[in-house]
Each structure stands twice: as C-alpha cells, then as structure tokens.
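Each remark here refers to the structure printed beneath this line.
Residue numbers begin at 1 in each chain, while the letters A, B, ... track the order of the sequences. All heavy atoms count here, side chains included; hydrogens, waters and symmetry mates do not.
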Amino acid sequence: MEPTVFQGRYQVVKKTALAKEIYEMVILCPQIAQLAQAGQFVHVKAPSFTLRRPISICEIDRAKGTLRIVFEVRGDGTAEIAQIPQGGWIDLMGPLGHGFQLLEQGKKAIVVGGGIGVPPMLETAAHYGENAVAIIGFRSASAVILEEDFQKAGCTVDLCTDDGTRGRKGFVTEALKARLQQEKPDIIYACGPMVMLKGVAALAKEYGVRCQVSLEERMGCGIGACLVCACKTKKPDGEESYSHVCKNGPVFEAEEVVF
Amino acid sequence: MEPTVFQGRYQVVKKTALAKEIYEMVILCPQIAQLAQAGQFVHVKAPSFTLRRPISICEIDRAKGTLRIVFEVRGDGTAEIAQIPQGGWIDLMGPLGHGFQLLEQGKKAIVVGGGIGVPPMLETAAHYGENAVAIIGFRSASAVILEEDFQKAGCTVDLCTDDGTRGRKGFVTEALKARLQQEKPDIIYACGPMVMLKGVAALAKEYGVRCQVSLEERMGCGIGACLVCACKTKKPDGEESYSHVCKNGPVFEAEEVVF
Amino acid sequence: MAKLSVELCGVEFKNPVIAASGCFGFGREYEKMYPVSVFGGISLKGMTYEERQGNPPPRIAETPSGMLNSVGLQNPGVEAFLAHELPQIVGKDTVLIANAAGSTVEDYCALVERLSDSAVDMIELNISCPNVKHGGAAFGVSCEGAASVVRAVRRVCKKPLIVKLSPNVTDIASIAEAVEAEGADAISLINTLLGMRIDIKSRRPILRNNVGGMSGPAVFPIAVRMVWQVANRVKVPVIGLGGIEKWQDAIEMMMAGASAIQIGAALFYDPYAPIKIVEGMNSWLDRQGVKDVREIVGTVQPW
Amino acid sequence: MAKLSVELCGVEFKNPVIAASGCFGFGREYEKMYPVSVFGGISLKGMTYEERQGNPPPRIAETPSGMLNSVGLQNPGVEAFLAHELPQIVGKDTVLIANAAGSTVEDYCALVERLSDSAVDMIELNISCPNVKHGGAAFGVSCEGAASVVRAVRRVCKKPLIVKLSPNVTDIASIAEAVEAEGADAISLINTLLGMRIDIKSRRPILRNNVGGMSGPAVFPIAVRMVWQVANRVKVPVIGLGGIEKWQDAIEMMMAGASAIQIGAALFYDPYAPIKIVEGMNSWLDRQGVKDVREIVGTVQPW
Ligand SMILES: Cc1cc2nc3c(=O)[nH]c(=O)nc-3n(C[C@H](O)[C@H](O)[C@H](O)COP(=O)(O)OP(=O)(O)OC[C@H]3O[C@@H](n4cnc5c(N)ncnc54)[C@H](O)[C@@H]3O)c2cc1C
Ligand SMILES: Cc1cc2nc3c(=O)[nH]c(=O)nc-3n(C[C@H](O)[C@H](O)[C@H](O)COP(=O)(O)OP(=O)(O)OC[C@H]3O[C@@H](n4cnc5c(N)ncnc54)[C@H](O)[C@@H]3O)c2cc1C
Ligand SMILES: Cc1cc2nc3c(=O)[nH]c(=O)nc-3n(C[C@H](O)[C@H](O)[C@H](O)COP(=O)(O)O)c2cc1C
Ligand SMILES: Cc1cc2nc3c(=O)[nH]c(=O)nc-3n(C[C@H](O)[C@H](O)[C@H](O)COP(=O)(O)O)c2cc1C
Ligand code: FES
Ligand code: FES
C-alpha cells in the first residue's frame, strides 16, 4: 500500500502577516500537496508542545508542490508556530481528513466563512470560480483577510463585518439568507464558529439546499486512531453516535451533525 | 540587601568553535561580570530542558561587562546551548559558587587543567601572569584549546596530550610531578576529571603545597537551596559529611575533599 | 544486525515494539503512513462486549510533556469487531493483541470467551482504564479486585493472557503478584495516571469528563520505576510502557525489566516513532556488540 | 490592585505564594537574588530531630518537564536549626513554616514539641517523603499510618498543623479525611511521585538511591486532580503544589480548591517565578474584576 499521509519538516517558502495575529505560510511539501484536497487539514507540531495543531489547507499548488495555510494565534501553540520565519522549517503531517465534496464545475456554490473559518473555503471557492459566491464575515475591517484572493478566483464576494466597518454590517447568515431568497445554489459549504454553522445549516435546510460544514474539535493523532476528536452525528433514522472530526470529517454533511 | 546573583537573557556577542564539539561564547552580562570571580560558574538554561547546566567562567572582562565561557557538547542540553548563534540570547544565572582563592600577585602558582577542565583555570592563571605555570592536558592534538590564551596571560605553558600528538606525551599529573621536583609553588589549582584531581591532590600533599580543586556534581538550584549537589568532604578531625558543590564549592581545599 | 525478536508466552514478536492500546485504533489508520508490520505487535483499541459510545468531547487536553485523554472506551463491541475489523487486520505480519475491558466480571468473561475463539494472538486485560465510571479501574486498584477478575477470566481464556495494570495505586508490585498468582501469563504497565486540567477562562475542566488519563513523556520516570518494581517481584514477562518516545527510552525500559515495550502518545506527535525506535535499538545493540535484544532485559544494576 | 492576602488557620499570608519545602533551603540562599518577603510564606527544608546526612549523590536526574530528587532529608537537626538558622530568618515579613519529618511517631513528636516553642508560625508535617527508607512515606500511604502520626503529633503541637500528603497512593482523599479527623488544621499536597531513571550507558540508575521523587511541570495535572479531589472532601484549607511554574498554574490550582499554593522545582530554572506569579495573579484578577483572590478558590465548575 502506497503511503497517502506524510510527516516531515518542510520549508516555509513564504510567510506573511495578513492581519493582527493572522499569518499565512506557503510551505514546500510536494508529497502532501500532490494528494491534498480542498477542506483537508495538516497537523502542525509546535516545537515545545506535545500535541500537534490542526490547520486547514487554504490553497493547494500541485505544480509548485506547495500548500498555503492561514492561521490565527489563539494560544501558546499557534504563537510558537507563528515564530517560524520565512525560510525556516515546519513539522507537518498531512493531508488529513475528508475534504469538501466538489461537484462538477458548472454547478453553483455558495461558500460561507466566518473569521478564521474563511481560509479553508478558498480552494473550494476557486473550484467553482465564477459560479461561486463567497460570503465572508469578520469582526471588523481590520480583521478582513483574503478578500482579493476570492476575487482573483473569480467568485462574487459578499463581505460582512460585525461592526459594519467594511462591507455589509451584520452576520454572514443574514447575507446568506438574502442570497437564498434570490437564487438557489446546488450546494453550500461553510466553515466558522459553531453558532454560525448551525445558522447556515438551518438556512440550508429551510431552502432545501445541500450543505457541508467543516467542524473543529481538539485532536490527538489526527488520523483516526485515538478517537479523541469526537463529535455527535446522527444517521438518517435519527440515531446519534460519536463520529471523529479527523477521520469522518472535518467536513460533514450538515444534516448529519448534531449541533 | 543588594542582589549579588542575577538571572536573565543576555546576548552572545561572540561565538566560536574552538575544537570538535567545544564552543566558546562571550556574553554581555554586565551585572554578572561585575561581581564574577575566577572559579565561579554560571547556570545556563537550555530552552527545552527543565534543569539548568552549570558552566564555569573562563574569563571575566569587567570593563566590557562580558564573561567568556567554554563548554563541550556532552549531551542533549549542551548540544542545544551550542545551537545559540552569535548575536542570539542565552539564559544565565550567576555568578554562583565560591571561586579560587587568589593569593597576592607576587606568589607563584601552578594551575592544572584536564580537558574541559582547562577553561576554568584561565582567569586564575591570568591573575598570577608570569608567576603561573599552566599544566594543561588533552586527549590529543585536535582537542587542544586555549594554549595561546594562557601564553598571552604571561604563563609558562606545559602542554600534555595523552597520545603525544602535541606537547609532552602523558598525563598532567606526570608533568606536575616533574615541576614539583624542581620548584615549590605557593599554591596549586586544579580542574578536570576526578581521577586527575585525586592525583593532583596526592602530589600536592606529598610536596606540602596548598591545593584547591574545582569539583562537579549534578545540580538543581545552583544556589545552595536544594541540597542535591552533595559531595563528601571531611573536617580536619576526619569527620565526613556532605557539602554542596554549588554553595561550598565548586572550589574546595583539596585536603577537605573525600575522593 | 542484532536479533530483535522476542517471545512472550509462546508468541513470537519480530521486534519488541508494540503499539499501545487506544493509540493505534484497530491497526488500519496508520496504514496510510506505513505498514503495521513495522511493529512486533499491536494492542488494539480497548474493547467491551457491547458497543460503547465513550465520553462526550473534549476528550483530550495538553499537559507539560504529556496529555490527558478521556475517550472512555468508545468501541463498536466485540461482534462488530470480529465481523468488520479483525478480518481487515489478520495476516499482516504483526502479533494481534485484543485489549479487553468490562464493567463486571461477567462482562469480562463473556468478552474474553468470545475473543478466545478468534484470530487474535493474545488478550490484554484492561483492568485499569481510569475513564469509565464502573468497573475498569476499580478492579485494577486493589489486589482482591484485580485477582477476582483475572481468576474468572483465566478459566475462559484460551489465549495467552496479559494483564494491564493501573499506576494509580499505592503498591503496584503487590497487585502484579496477585494477578500472576491467578494465572496471568504476562503483565503490562502502565496505563494512564489520573489527572485534571482546568481552563481558567471558563473555570471549567478542559475535559468534559472532568478528569482523564495522563500519558506521554511526562510519565516515563514513573513507568520505569513501576516496571522495575514489578519485574523484580514476578516471574512472568513484563511489557513496559508509559511515555516511551525514543529508542533510548525503549532500551531504558527494557533494562528496567521489560521484555517488550509499547508506544502510545508518542505516535501522535511522531508517527514514525516505531520505525525510528526499532532502527535505533538495532544500531545501538550493534554498537554495543549485543547480539540479542533479550540480553539487555532487566540488566539495570541497582546501587 | 486586588487583595492578595489569605488567612490559613489564623495565620495571615500577604499573598498565597509559598516556597515549597526542600526547594528554598532555610530561606537565605535566594536572598542573593531577592528578599524572602516576596513570598507570602516559606516552607523550610524538611527537618528531623537529629541531624541527617541524606543520601549519596547523584541526587538529581532530569526528566521530561520535570526532575527526580533523592536528597533524603539532609538537615542539621532541630537544635542546630533553632540555634543557627531560625534566628537568621525570623522577622523578614514572611510566614515561616517548619517542615517536620521523622522515622517513628516518637521522632515526629519530639521534633514538633521542640518546634512548638520556637518562632516558626506553622508546622508542616511531612509524612510523604519518598526518599528515606524508614517512616516518612510509609506513614503517608495508608489512612491508619497517616492518622496515627497526626493523632500523636496533634497532642504536642501548639502551632497550626499542616499535613503534607503523598501522591503515591490509591485514594488520596481518604487519607486527607483521616488526617483531618485527627486534627490537621490544613492539608498540603502533593509531595513528589516516586520515579526512576537509568543511564543506559552504565546500566545504572542515575540516582545513587535508585529511585527518587518526581516534581516539576510534568506532575501538575496529577496535582490539580488530587487537590480537587481532596478539597471536595475536607473542610480544612488545602495548600496546592506540584508543578506550578506560571501564574496561570497558580490560578488553576486555586480554582481546583487550593487556598494557597507552593512553588518548588520551578525555582530552579526560573528563580524569579514567585515574583512573576504574584504579579501575574494580581493583574489577572484586576483584568477579571475580581477584588479578592480568595474569591476564586474552588470555583472550578465540574461538568
Ligand atoms: C480541522 C481543523 C482545522 C483548523 N483549521 C484552522 C485554520 O485553518 N486556521 C486557524 O487559525 N485555526 C484552525 N483550527 C483551529 C486551530 O487548530 C487552533 O486554533 C489551535 O489548535 C490552537 O492552538 P493553541 O496552542 O494556539 O491554543 P491553545 O488553546 O493553547 O491550545 C490548547 C490545546 O487545545 C487545542 N485547541 C484549541 N483550540 C482548538 C480548536 N479550535 N480546534 C482544535 N483544537 C483546539 C490545541 O490544539 C491544543 O491541543 C482548526 C482546527 C481544526 C480541528
Ligand atoms: C561547577 C561546574 C562547572 C562546570 N563547568 C563546565 C565548563 O566550563 N565547561 C563544560 O563543558 N562543562 C562544564 N561542566 C559540566 C557541564 O555542566 C555538563 O557537561 C553539562 O551539564 C552536561 O549537560 P548535557 O545536557 O549536555 O548532558 P546530559 O548528560 O544529557 O545531562 C543530563 C543531566 O546531568 C547533568 N550533568 C551531566 N554531566 C554533568 C557534569 N559533569 N556536571 C554536572 N552536571 C552534569 C546535566 O546538567 C543534566 O542535568 C561543569 C559542571 C559543574 C558542576
Ligand atoms: C487516547 C488514548 C486512548 C487509550 N485507550 C486505551 C484503551 O482503550 N485500553 C488501554 O488499555 N489503554 C488505553 N490507553 C492507555 C495506553 O495504552 C497507555 O497505557 C498509556 O497511554 C501510556 O503510554 P504512553 O505514554 O506511551 O501513551 C489509551 C491512551 C490514550 C492516550
Ligand atoms: C530537591 C527537593 C527537595 C525536597 N525536599 C522536601 C522536603 O524536605 N520536605 C518536603 O515536604 N518536601 C520536599 N520536596 C517536595 C516539594 O516540597 C514539593 O512537594 C514537590 O517538589 C512538588 O512541587 P514542585 O513540582 O513545585 O517541585 C522536595 C522537592 C525537591 C525537588
Ligand atoms: S484525533 Fe485521533 S481520532 Fe481524531
Ligand atoms: S544545586 Fe541546589 S544546593 Fe547545589
């Protein structure tokens, strides 16, 4: 059996601060980039910590053999990872998990991202290009990231800020509702805080649109072996059980998730 | 009470590899340098390790506010410390312990150093300048360090290597014996492996010369509070008890040490 | 090239490195990285007779040089295991150890009886899981409790029986003696140490189960001490685990008295650890001129 | 500026940060760096009635995020302490706690009686030192043992009596209840966990005593769990220690139920830790709008 997941120290070929405490890194890791899919994640080791940190893949460049990740400094682990300089080395394991299921390119998609849930949507949005609407929300103008990237990918961008300092004032769910009232996409994809995902899932159900959401949970192995990253899911018959974010997800059909 | 021991992150203003796996660092730490004495040590933190590593002070430049240390990579901790680049920062605590007792400058001294026990002798040798003989021993020619420094300090250098590839072939104790047969110094100072110290102490006793030796023991606090760095010493009446290398030493009168 | 193979209770392991239960699933996840045959054996995820959902998340918390988990024995139950999991992992050139847990002596017996007729090579009795309310750890923390479950299970167990001990006890060597007296063929230790972390922002325990089992490098010195104590008191082979991450640790654990070792938490941050450990052991043995890894077992010379 | 002072058994501490016994000598060594008054209190080096030389070196070994020690209660004996050490440290604006150990109940009583007439403010009964062969830990690992020594000591002790518990037990909360029932005024925990490291080159234990007590950040989750268990079972105040290195750890320990905390091993690598912890606590309390540190004690909300 050929390996499909790799771990090693890879070079950070580009590192930029995108906003306060938000960094992007482009990492040269051809083996991983070759197999990576939109919505999958990599598991990053911060030198002083025991557990790896899961970070979604934001962009995949198979030709160059690079992955792009975007992450926010939330605690000590991400703070340490943020200290790796451009040209330095990062310990990654990936690609991991199940990504978003992409329909044929002619189909219409809405991608919804909130805050640091925006970056994982870029690769998916790019797949649909002009047929994608990206509804992306941030706390305020200073926290806005990747807007141009979504535009370059050809998507229609619907930018929201909680405080109205940029784009539409309000939550992405309101913007989504407005969109859905006008047109019915083939699929909705979402990543962001639990309460946002719950709202998106409810709207998708209301308007009868298939919806996939990307979940987060604290992780150990990242590969499905330790069963710590449990999230409650339900079968069509309503029976609930624990699935695992790293193996069965991070992307789930919204209707399977017990919010 | 004014502080006399300091801890902080200080800059490594110079770093050089002196021999295979042997590094010198010159560290800008004016507070520590001001108070440091020949034979004292600093307690160095390697970032990934819990316990600090004791390293002797090799040279003190009070005017510049710098200390020079020379250390060998023996295990993982010193390996990590050796990775700090010139211009980088090192976490030190010091000055610690009791150093060598220096007599008036007109007196005659022999300093004896073996291997990585050579660097701690430099500052003491320099005190006596032309009145000091430095008997320094190494495994072989490639391991020789600091020879020129002792010469610059004005000392007569008696270099030995175990395999005879440089200087006199044989141990420093043989060279010391030869010297003592010719002339009686006022004091002998020694630092190096236990077996060497034992030999030096025996010769000093035989020739009736006062002798101070610098000991090593695994350390915790480095300041005398935890009592882990015990070494057996005896009082003039022969009663044995545990003294502590970091507080009562590292320098002891040879006749007090139970080898 | 030193001889790395070891024999435990009549079962041959090509090397003494075993995946620890609960850290290697049912042996298939890490096949995305390397074949399971790199391991001398694998101890499968802890299993109960009936399916169990385990505890609510979060189930993991980080600690200095370690981690806490509160999975709580999530598993599909023995029938699903036999039907769907076991067939996928037999014949892959590694010793299969089923890790068996229960809430009552009857549970344990029913499970072990069922496993005894399967293709697993050995059974590891988990009387030490700190993450389930009833049974489990309760048996493991007293000599009588441990003895009673081993006695009952021994009667129905047709496979070599390893008993896995809890470190959350005053006197682990006496418990080891008690289970040996009841017929344990081998003893493995340590399971996790009970710990807790609190999120000071929310003033809530990080684990939804409040407490969880600590493992990883932090526990290594405790594991070495316990293996040493136990190996000096029992005649059956001891399998040492708890915090092993490097080949040096594996050697140290074997010198303390372990005939084989297991790796758990280290897999999460260093997935290739088993490969590095086997290679590292091998070249160390060569450098030392030791021809057979079994020669180092229990060779520590106390002062 | 929040109120940081706490009162334990009628003794006022200006802040809840105490130096742990054995890690701060008799309080004078770190005066080379800062005054002892930075601490709310200091627990002095463990003392016995007679002088003790302690164990042969090496007495320390490093472990992942921690250390082992096997000092073995080296101390000059109570008379030398009273004559030479105590006079040097009284009146320095910090609570003085004498840490008392012994091999027999009589030893403990003689020592405590002698200390009762001295200037120390409190007595911490060390029934949990793993580094001495006789007594010490042996008392601390059973309810009866612990109760018997506390009962006897209580009768002769005229100072507030803290009893320090060993973590090397199956059920620490029951031992806490037992010593509370015999009249302990407060309980401190944890002492060190018994561990071992082996030098694989020499095949010798690193510690000359073979085993030693583990402390440092590695043990923190175990200490938090035990403090939480004990604080939920006794009414007397609990002093929490084990692995505290940062102000966040101090807050976490207090939320788990500790009315005050001690710092041990962290001093060795971060000598200014007490200052940083007091300052860090203070500004956290201010940011949280908590006016009095005592308000956070035991506030963890279990799930
Ligand atoms: C599948 C997945 C994809 C993710 N993608 C991204 C991304 O693209 N960009 C980004 O900025 N963040 C992402 N996150 C969140 C990111 O993993 C956490 O912010 C990070 O682990 C926090 O680590 P820390 O040490 O800074 O924080 P701490 O709070 O100090 O971490 C303590 C522990 O909790 C875990 N933890 C804390 N928050 C989370 C969380 N939200 N999810 C999982 N574990 C957590 C840490 O991994 C660590 O084990 C993702 C999480 C998951 C599960
Ligand atoms: C007072 C004193 C002065 C010293 N001066 C120098 C010097 O100037 N140059 C130099 O190269 N070395 C010196 N040493 C020795 C140096 O401290 C050790 O080589 C170093 O601690 C090894 O650390 P490690 O992590 O590389 O080795 P490891 O073996 O991995 O260390 C493991 C543990 O053992 C301790 N340890 C190991 N060897 C020694 C030792 N010989 N003495 C004390 N603790 C030890 C370490 O500090 C650590 O806690 C001195 C030691 C003492 C006590
Ligand atoms: C996530 C996780 C799940 C575990 N599940 C089990 C289990 O089902 N059965 C068992 O006997 N031990 C279980 N353990 C304990 C390990 O097998 C092992 O005893 C412990 O983790 C110490 O080893 P380590 O430090 O190498 O991880 C589990 C450990 C972890 C980390
Ligand atoms: C070197 C050393 C010596 C110790 N000596 C004593 C002692 O004499 N009496 C005692 O009650 N505890 C003693 N202890 C235990 C500490 O007081 C404390 O309980 C333990 O180290 C855990 O705290 P820490 O992790 O903050 O170090 C000692 C610990 C160390 C590291
Ligand atoms: S993190 Fe191990 S199963 Fe998901
Ligand atoms: S190292 Fe603590 S007393 Fe010497």
Side-chain angles (χ1 to χ4, degrees), chain A residues 1-9 31-32 35 40 43-54 74-77 80 91-98 194 215-233 239-249 258, chain C residues 19-36 42 44-46 51-76 92 201 206-208 212 215-218 243 245 264-273:
Chain A
M1 211 152 91
E2 281 295 295
T4 56
V5 171
F6 302 89
Q7 179 261 326
R9 283 162 57 82
Q31 294 166 310
I32 301 178
L35 298 169
Q40 285 188 301
H43 217 19
V44 183
K45 176 93 171 69
S48 323
F49 294 85
T50 316
L51 297 177
R52 291 176 175 269
R53 269 58 179 167
R74 290 256 193 98
D76 294 340
E80 199 180 45
D91 180 340
L92 286 191
M93 173 175 171
L96 294 167
H98 281 98
M194 250 337 206
L215 303 186
E216 290 190 3
E217 190 45 74
R218 287 180 180 242
M219 287 188 182
C221 69
I223 204 167
C226 74
L227 310 188
V228 304
C229 60
C231 64
K232 199 148 245 175
T233 54
E239 199 197 316
E240 296 185 357
S241 66
Y242 283 124
S243 292
H244 295 96
V245 170
C246 77
K247 187 183 178 180
N248 312 108
V258 181
Chain C
S21 179
C23 303
F24 205 69
F26 286 124
R28 300 183 52 209
E29 290 74 16
Y30 282 96
E31 286 187 320
K32 293 192 179 124
M33 303 191 75
Y34 47 79
V36 292
I42 60 179
L44 302 164
K45 171 65 199 164
E51 176 180 10
R52 281 181 60 101
Q53 282 298 320
N55 294 318
R59 293 177 174 182
I60 189 166
E62 189 157 36
T63 74
S65 295
M67 56 167 280
L68 301 176
N69 90 81
S70 59
V71 171
L73 288 175
Q74 177 172 13
N75 81 93
K92 289 200 171 159
K201 280 195 212 102
I206 293 180
L207 299 174
R208 195 64 150 77
S215 57
E245 57 171 356
L267 289 163
F268 306 162
Y269 54 91
D270 188 8
Y272 300 122

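- For the set Glu245(C), Met33(C), Lys45(C), the entry with the most heavy-atom pairs within less than 4.5 Å of chain A is Met33(C).
- Cation-pi geometry between Arg59(C) and Tyr242(A) is satisfied (NZ or CZ under 6.0 Å from the ring centre, within 45° of the ring normal).
- Residue Pro58(C) touches chain A through both its backbone and its side chain, counting heavy-atom pairs closer than 4.5 Å.
- Proximity to chain A is limited to the side chain of Met67(C), based on heavy atoms less than 4.5 angstrom apart.
- Between chain C and the residues Arg53(A), His43(A), Glu2(A), the largest count of heavy-atom pairs under 4.5 Å involves Arg53(A).
- Scanning for side-chain contact (heavy atoms from CB on, under 4.5 Å) contacts around Asp91(A) gives Gln7(A), Arg9(A), Lys45(A), Arg52(A), with sequence neighbours left out.
- For Arg28(C) and Tyr30(C), the positive end is not near the middle of the six-membered ring at less than 6.0 Å and at most 45° from its axis.
- The most heavy-atom pairs under 4.5 Å with chain C, out of Cys221(A), Ser241(A), Gly77(A), come from Cys221(A).
- Contact annotation for Phe24(C): only backbone heavy atoms (N, CA, C, O) come within less than 4.5 Å of a heavy atom of chain A.
- Highest contact tally toward chain A, considering only Ala265(C), Pro56(C), Gly216(C), is held by Pro56(C) [criterion: heavy-atom pairs under 4.5 Å].
- Heavy atoms of Lys232(A) lying under 4.5 Å from chain C are absent altogether.
- Nearest heavy atoms, Cys246(A) versus Gly224(A): SG-N, 3.1 Å.
- With chain A as the partner, the residue from Asn75(C), Ile206(C), Leu267(C), Thr63(C) showing the most heavy-atom pairs under 4.5 Å is Ile206(C).
- Between chain A and the options Gly54(C), Gly27(C), Pro64(C), Gly25(C), heavy-atom pairs under 4.5 Å are most frequent for Gly25(C).
- With no hydrogens or angles considered, no side-chain donor-acceptor pair links Glu240(A) and Thr233(A) at under 3.5 Å.
- Residues His244(A) and Glu29(C) have side chains that never bring a donor and an acceptor to within less than 3.5 angstrom of each other.
- Contact check on Glu31(C) versus Lys92(C) returns a salt bridge, with a Lys/Arg side-chain nitrogen under 4.0 Å from an Asp/Glu carboxylate oxygen.
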